[in-house]
Amino acid sequence: MADSKLISKIPEGPLAEKWSKRKAEIRIVSPNNKRKLEVIVVGTGLGGASAAASLGELGYNVKIFCISDSPRRAHSIAAQGGINAAKNYQNDNDSIYRLFYDTIKGGDYRSREANVYRLAEVSAAIIDQCVAQGVPFAREYGGYLANRSFGGVQVSRTFYARGQTGQQLLLGAYAALNKEIAAGSVKSYPRHEMLDLVIINGEAKGIIARNLVTGEIERFGAHAVVLATGGYGNAYFLSTNAMNSNGSAAMQAYRKGAFFANPCFAQIHPTCIPVHGDQQCKLTLMSESLRNDGRIWVPNNMEDVLKLRKHEIKPSQIPEERRDYYLERRYPAFGNLVPRDVASRAAKERCDAGYGVNETGLAVFLDFADAIKRLGHQRVEERYGNLFQMYEKITSSSPWEEPMMIYPAIHYTMGGLWVDYDLQTTIPGLYAIGEANFSDHGGNRLGASALMQGLADGYFILPYTIGDYLSHKFAEPKTDTNAPEFAEAEKAVLDRIEKILAVKGTETVDSIHKKLGHIMWEYVGMARNEAGLKKAIEEIGELRKEFWKTVRVPGTNEEFNQELEKALRLVDFFDIGELMARDALNRKESCGGHFREEMQTEEGETKRDDENFMYVGAWEYKGEGVAPELHKEPLKYENIKIATRNYKD
Amino acid sequence: MEYNVKVWRQKNAKAKGHFETYHVTDVEEDASFLEMLDILNDQLIRKGVEPIAFDHDCREGICGACSLYVDGRAHGPDDQVTTCQLFMRHFKPGATITVEPWRSAAFPVIKDLVVDRQAFDKILQAGGFIAELSMDAAACVGCGACVATCKNGSAMLFVAARVSSLALLPQGKPEAARRARAMVAKMDELGFGNCTNTRACEMECPKHVTIDHIARLNREYLKARFSE
């Protein structure tokens, strides 16, 4: 039965008409009234920058906040491979339906049909918008836009700008944003970090933010608040996320009453540069696009494995018949282009069996020798030149001569704040877009779909749906930041900062964060089980206590203080980690990136339990030290036949 | 591995700065330069010394946040990399490494090695809205190494990257003249110097944006002036 607190507001009617129907129902705010309304957007990645630019252009008064020195630094910039759109430029029978179907299937049947269909529907417009902004997408000789393939898909629908697609899309959105900043419709607050959400009469009315240069705690009011603050993958300490990426804004919203959905769905990306030692703080992704032409393998015999580890032979010296191209072997239909979760688990399976090819035993090969032979040096250079250069800079080994070594790492979080069809959270006036919400990717996100979702939400969905809420608000005066709710939130923030500074222990923030990362990777990582998850919850609790006894944060609040910033984020990562483990414990099935060892087929593939778990698990905060309450939004599939994911034939 | 790190310390924008030398130990051979600074900071905090502030984020050479002047070169002694992609294997064990913030009047120091680069946002806000060759210019990460390296403190390469990238695309032509004039005017107003073709910027650019784009900017600018 549907939970009375989770009203998804999915429009009635045929799937293909739902979004048109909803758009027709949405009330529009007239231009003269838009001028009276204020919107806060937190985060300036693809979702936040495109939403803020669109809202500014529509005539709203927008305030944007980012933790970096410039909106352009947001982590969307690091996305490499591309952005999907159902344009069918390759005439390979692509369509809105096929993109929709691939996304639902790729997500292992744990996302909403209506949201995903809308995403596929608006995807084509994103490309047109970006071309108009001057995004230099790769083109064919005649000038037409080029495409490439990505995992989990049998058509070519991914648009790209070398290996820097995220950068170019973000620079496009940032340019649109700059235009609004120059026009005065958007006010930019760089080096500001949101530290609390302010609720007045049950509605989101503003935020408390810390000026990271001066340490000043500031109040900002608005008629609505949009969170575009990305994912929480850094709970694992080591991930492909940027160092400053964090889940704190989402956690603040959660503590103020926004439900948090499917926290256990985290994506582990199969092609990252392996960990080299315990001083590392960041893992580098090698784009999934490399799997278009690279072949993944390990030796099929222990003799070669041991020689490789001792550097007695080079990988290129191992002949074909002594290699195991295990993805091509296990999944003949998709081969090296299986979805990320499948490729990651397959790498883990080979390494657990002892075939890992580096000293740590945690690496497999990604080989371009065949591609270079087939395509020639120049074409490979054109496609992957900057990725090869990046790999060589980091590892001092050239992919032109020897295969890359890769291993899975935490990359993206599908879970996030629960939102309805309008992208509104369970708190009226609070919206969540992009990676910060949960809505489109189910248990596993397909490659090149994060950029698509960020821009779909920011350019084409939120600017419409938020109008429906704001159409009731234009008669209301500007939010008074002298209200007691602001004072209370500000005091809570100051108390938290003071409490952290007062510990004056012996341990650095990073050293404690690393411990959290170990717990998360060990028990809430690529393979999970009941005993391990219970242990994780217990150990995170212990570590949280250790933090409050032993952390050392030098300096004061009233200055530029990077250690304090990290400590405040770590406090929230404890809660996120615990919530992830709790959700993973509840979900006694394997689906997408969530693999419960108790639930697998004889061949080691995921085993879903549709009867008991075909729902969105949304958690409600019940207070400090109290177990959160689970609410269930049942998922209905009216247009897709539920099946076991099959990438074999 | 061990190193001596001679680093610029400055409490805030108004304070007077100075160099301090610290000894860092236990650095792994494969560590990156910023990981070496993480290790040093960990050791400093444990000794009760305030850690060194520096900007960094993606650590994969694309966000443009890191900004260090290492041994007299923007982004240090390797070609076509940002500081986060610089590795300790480029330094002799035991060496003394000098680390400074970007030095430019237009980029005031906020703290230690952190500078304020909002001037770049302001130039872009003055214009620059709206492919292979275009992509070469579009690769700019906005880190500011060109400014920090130039003896004139010129931002010509940064501005040229944006103007040239847009000039090479079919759309946005009606705005081209206004864009070139406004962005150059804003750059001058913010106190950046002019270009004397020393090509130091091109040498230090982590994304290898070349001064060909400055030539194109000059053409765009001249065209714009004549059409005024």
Side-chain angles (χ1 to χ4, degrees), chain A residues 68-75 77-78 80 131-139 161-162 164 166-168 171 174-176 178-179 181-182 188 190-191 213 240 242-245 276-277 279-282 284-285 386 389-390 393-396 506 508 510-511 552 554-555 559-563, chain B residues 11-12 26-28 30-32 34-35 38-39 41-42 45-46 48-51 53-65 78 80-81 84-87 89 110-111 114-118 120-121 124-126 128-132 134-135 138-139 141-142 165-166 168-169 171-172:
Chain A
S68 328
D69 66 333
S70 164
R72 67 180 294 159
R73 314 269 185 234
H75 195 50
I77 205 151
Q80 297 168 356
V131 168
Q133 286 169 344
V135 171
F137 282 124
R139 285 167 194 267
R162 288 195 192 142
Q164 290 135 276
Q167 177 197 27
Q168 294 309 317
L171 292 184
Y174 163 71
N178 275 334
K179 177 168 161 271
I181 293 171
S188 171
R191 293 200 197 267
V213 176
T240 66
M243 299 296 289
N244 295 314
S245 300
H276 64 64
Q279 296 178 336
Q280 211 171 348
C281 56
K282 149 86 195 186
T284 304
L285 173 78
N386 69 316
Q389 183 217 12
M390 184 158 116
K393 288 284 181 197
I394 294 171
T395 61
S396 73
T506 51
T508 60
D510 280 352
S511 66
R552 173 184 287 189
E559 63 178 329
F560 188 86
N561 190 336
Q562 291 172 314
E563 290 299 309
Chain B
K11 186 97 185 123
N12 54 48
D26 304 310
V27 180
E28 285 168 7
D30 284 330
S32 73
L34 296 187
E35 280 164 2
D38 292 337
I39 296 160
N41 273 343
D42 187 88
I45 294 167
R46 288 174 198 280
V49 180
E50 205 174 312
F54 62 98
D55 264 328
H56 63 97
D57 199 17
C58 78
R59 299 223 182 181
E60 50 187 82
I62 197 72
C63 76
D78 193 5
Q80 292 180 38
V81 291
C84 64
Q85 300 286 281
L86 177 67
F87 285 79
R89 60 180 88 95
I110 289 175
K111 185 175 183 178
V114 177
V115 298
D116 183 350
R117 282 172 287 192
Q118 283 190 63
F120 269 12
D121 287 335
L124 294 180
Q125 282 152 21
F129 335 114
I130 71 141
E132 279 299 292
S134 172
M135 185 61 212
V141 294
S165 168
L166 292 175
L168 288 161
L169 291 168
Q171 64 272 34

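Throughout, protein chains are lettered first and strands after them, A, B, ... in sequence-line order, and every chain is numbered starting at 1. A quick note: this is a predicted structure, and the numbers were derived from the prediction, not measured.
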Please report the C-alpha distance between A:R72 and B:L124 in whole Å, then the side-chain angles of each, then the deciding distance to 0.1 Å, and finally whether the side-chain contact (heavy atoms from CB on, under 4.5 Å) criterion is met.
-> CA-CA 11 Å; A:R72 67 180 294 159; B:L124 294 180; 4.0 Å; yes

Check the pair B:N12 / A:F560 against side-chain contact (heavy atoms from CB on, under 4.5 Å), numbers first and verdict last.
-> CA-CA 8 Å; B:N12 54 48; A:F560 188 86; over 6 Å; no

Among A:Q164, A:Q280, A:R552, which residue forms the greatest number of heavy-atom pairs with chain B at distances under 4.5 Å?
-> A:R552

Side chain, backbone, both or neither: which part of B:N41 has a non-hydrogen atom closer than 4.5 Å to chain A?
-> neither

Heavy-atom pair count under 4.5 Å with chain B, highest-scoring of A:D510, A:L285, A:T395 | A:T395

Do the side chains of A:K393 and B:L86 get nearer than 4.5 Å, heavy atoms only?
-> no

Pick from A:S68, A:A161, A:S396, A:P190 with the largest number of heavy-atom pairs that fall under 4.5 Å of chain B | A:S396

Selection from B:V114, B:V115, B:D38 maximising heavy-atom pairs under 4.5 Å formed with chain A = B:V114

Distance, nearest 0.5 Å, that separates CE of A:M390 from CD of B:E60 | 5.0 Å

Identify the two heavy atoms, one from B:D57 and one from A:A242, that lie closest to each other, and give their separation to 0.1 Å.
-> OD1-CB, 3.1 Å

A:P136 versus B:A138, closest heavy-atom pair with distance = CG-CB, 3.9 Å

Honestly, the part of B:E28 sitting under 4.5 Å from a heavy atom of chain A is both

Can we say B:E35 and A:K282 salt-bridge, meaning some charged N sits less than 4.0 Å from an Asp/Glu carboxylate O?
-> no

Heavy-atom proximity to chain B below 4.5 Å, by part of A:H75 | side chain

Highest number of heavy-atom pairs under 4.5 Å with chain A among B:K111, B:R89, B:Q85, B:E50 belongs to B:R89

Whatever's closer than 4.5 Å to a heavy atom in chain B on A:Q167 counts as side chain

Output for pair (A:Q133 CD, B:L166 CG), nearest 0.5 Å, gives 10.5 Å

Derivation and outcome, side-chain contact (heavy atoms from CB on, under 4.5 Å), residues B:Q125 and A:K179 | CA-CA 6 Å; B:Q125 282 152 21; A:K179 177 168 161 271; over 6 Å; no

Contact origin within A:I394 toward chain B - heavy atom pairs under 4.5 Å = both

What is the minimum heavy-atom distance between A:S70 and B:D121, and which atoms define it?
-> OG-OD1, 2.9 Å

Which region of A:T506, side chain (C-beta onward) or backbone (N, CA, C, O), has a non-hydrogen atom less than 4.5 Å from a non-hydrogen atom of chain B, or is it both or neither?
-> backbone

Does any heavy atom of chain B fall under 4.5 Å from the side chain of A:S188, the backbone, both, or neither of them?
-> neither

Go through B:S32, B:C58, B:A31, B:S165 and name the one with the most non-hydrogen pairs under 4.5 angstrom from chain A.
-> B:C58

Contacting region of A:Q279 [heavy-atom separation from chain B under 4.5 Å] | both

Closest heavy-atom pair, B:D55 versus A:R191, reported as atoms and distance to 0.1 Å, is OD2-NH2, 2.7 Å

Closest contact, heavy atoms only, A:C281 versus B:R59 | SG-NH1, 3.2 Å

What part of B:V141 lies closer than 4.5 angstrom to a heavy atom of chain A: side chain, backbone, both or neither?
-> both

Under a 4.0 Å N-O cut-off, is there an ion pair linking B:R117 with A:D69?
-> yes

From CA spacing to verdict: side-chain contact (heavy atoms from CB on, under 4.5 Å), B:R46, A:S511 = CA-CA 11 Å; B:R46 288 174 198 280; A:S511 66; 3.5 Å; yes

Shortest non-hydrogen contact from A:I77 toward B:I62 = O-CG1, 3.5 Å

Checking B:I110 against chain A: side chain, backbone, both or neither under 4.5 Å from a heavy atom?
-> side chain

